[in-house]
Every structure is written in structure tokens, then in C-alpha cells.
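Only one structure is covered here, and it is reproduced in the block below.
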Amino acid sequence: MRVGSAAGELRSLQGWLRADPGVRRSAAVEVRGGVPGPGEMGTGLDVLQLVTGNGWSAASFVLAVVAWRQSRPQRPRVEIRRGVTVVVLMDCSEEEIERAVRALDAADADEGGGR
């Protein structure tokens, strides 16, 4: 998952998702990349990685991300990837949220998570 362009926003979302009982119960949340070693420039790309398990709910996850985004003074663009599926949250309208949940549910089923 990518959030806007600020690493601080990514850390904020990480904390928000870790505090959400529905997400915390079914996913591990980590920030990956971005910290270069001494003398290295690094990639400049940080991503938030979720490792989901049984009971993962696309709806709970998307609603948690939407709630976090609405709490931000400048609502950043959020890009969610699951396999080859990419979902972008920009305005968080009901239609956009429903599309995101359907796409993530379909991606979960394609990966064998919807057993």
C-alpha cells in the first residue's frame, strides 16, 4: 500500500490500522523499505505491507483506511495492491468504497483466500 508521498503519513496509517480491532485481528502491518544504509541513497519508496490471515475482511480494511484518510488534514491518495489488483482511494465516495471492497474481495478469492 502506498500513501501520498510522505513517510509520516504511512507511519500514521500503520498506527491507525494496528489500533483497529478488525484489522489487528486478521493482519500483520509493517512498513517496508525506505531506510538506506550508510552511504546509500535508498529508493525513496516506503510501502505498508499487510500479511493477512483467516478472517481478513476487505470491507473492514477499506473502511479503516477511509476513516484514517478522513482524519488527515490533507487527505492523501491511497493505493492498495493485492496481487495484480490495484485499488486507488481518492475521494472515498460510497461508489469508490464499494468498488474497492469488491476488487479486494475478488483478488482475495483469486489468491485462494476466499475458501
Side-chain angles (χ1 to χ4, degrees):
M1 177 175 347
R2 290 193 180 131
V3 178
S5 60
E9 295 287 16
L10 201 59
R11 298 273 180 205
S12 171
L13 178 55
Q14 177 188 28
W16 186 280
L17 292 174
R18 283 182 171 173
D20 185 281
V23 174
R24 186 178 60 233
R25 190 173 26 251
S26 61
V29 184
E30 294 181 20
V31 173
R32 292 281 174 118
V35 181
E40 296 177 343
M41 290 182 58
T43 64
L45 292 177
D46 286 332
V47 295
L48 189 65
Q49 179 178 9
L50 272 75
V51 178
T52 59
N54 292 337
W56 183 78
S57 164
S60 293
F61 170 71
V62 169
L63 291 175
V65 171
V66 167
W68 168 81
R69 189 178 172 278
Q70 291 173 338
S71 76
R72 310 310 297 159
Q74 293 183 341
R75 296 180 177 162
R77 174 184 186 272
V78 177
E79 180 180 299
I80 304 166
R81 292 179 180 264
R82 182 157 183 118
V84 297
T85 302
V86 178
V87 173
V88 177
L89 298 175
M90 298 278 296
D91 63 9
C92 294
S93 65
E94 285 186 38
E95 295 80 18
E96 186 178 69
I97 292 167
E98 288 173 14
R99 265 193 317 272
V101 170
R102 280 194 309 269
L104 292 172
D105 276 341
D108 188 44
D110 289 347
E111 292 182 6
R115 295 178 202 156

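By the 4.5 Å heavy-atom criterion applied to side chains, Leu17 and Val65 are counted as neighbours. Side-chain contact between Val31 and Gln49: absent, with no pair of heavy atoms (C-beta onward) separated by less than 4.5 Å. Side-chain contact between Ile80 and Val86 is absent, with no heavy atoms from C-beta onward closer than 4.5 Å.
The salt bridge (Lys or Arg N to Asp or Glu O under 4.0 Å) test applied to Arg81 returns Glu79, not counting sequence neighbours. Listed by chain and number, the residues in a side-chain hydrogen bond (donor to acceptor under 3.5 Å, both in side chains) with Ser60 are Ser57 (sequence neighbours excluded). Checked against side-chain hydrogen bond (donor to acceptor under 3.5 Å, both in side chains), Glu96 has no partners two or more places apart in sequence or in another chain. With sequence neighbours left out, the side-chain hydrogen bond (donor to acceptor under 3.5 Å, both in side chains) criterion links Glu98 to no other residue.
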Check against side chain to side chain contact (heavy atoms under 4.5 Å, CB included), Val29 and Val23: CA-CA 9 Å; Val29 184; Val23 174; 4.3 Å; yes

What's the verdict on side chain to side chain contact (heavy atoms under 4.5 Å, CB included) for Phe61 and Val101, showing C-alpha distance, side-chain angles and the deciding distance? CA-CA 9 Å; Phe61 170 71; Val101 170; over 6 Å; no

Could you go through the side chain to side chain contact (heavy atoms under 4.5 Å, CB included) check for Val78 and Val88 one step at a time? CA-CA 6 Å; Val78 177; Val88 177; over 6 Å; no

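Residue pairs meeting the side chain to side chain donor-acceptor pair (under 3.5 Å) criterion with at least one partner in residues 20-31, sequence neighbours excluded, are Glu30-Arg32. Applying the side chain to side chain donor-acceptor pair (under 3.5 Å) rule to pairs touching residues 64-76 yields Glu9-Arg72, Ser12-Trp68, Ser12-Arg72, sequence neighbours excluded.
Here the shortest heavy-atom pairing between Cys92 and Ile97 reads O-CD1, 3.4 Å.
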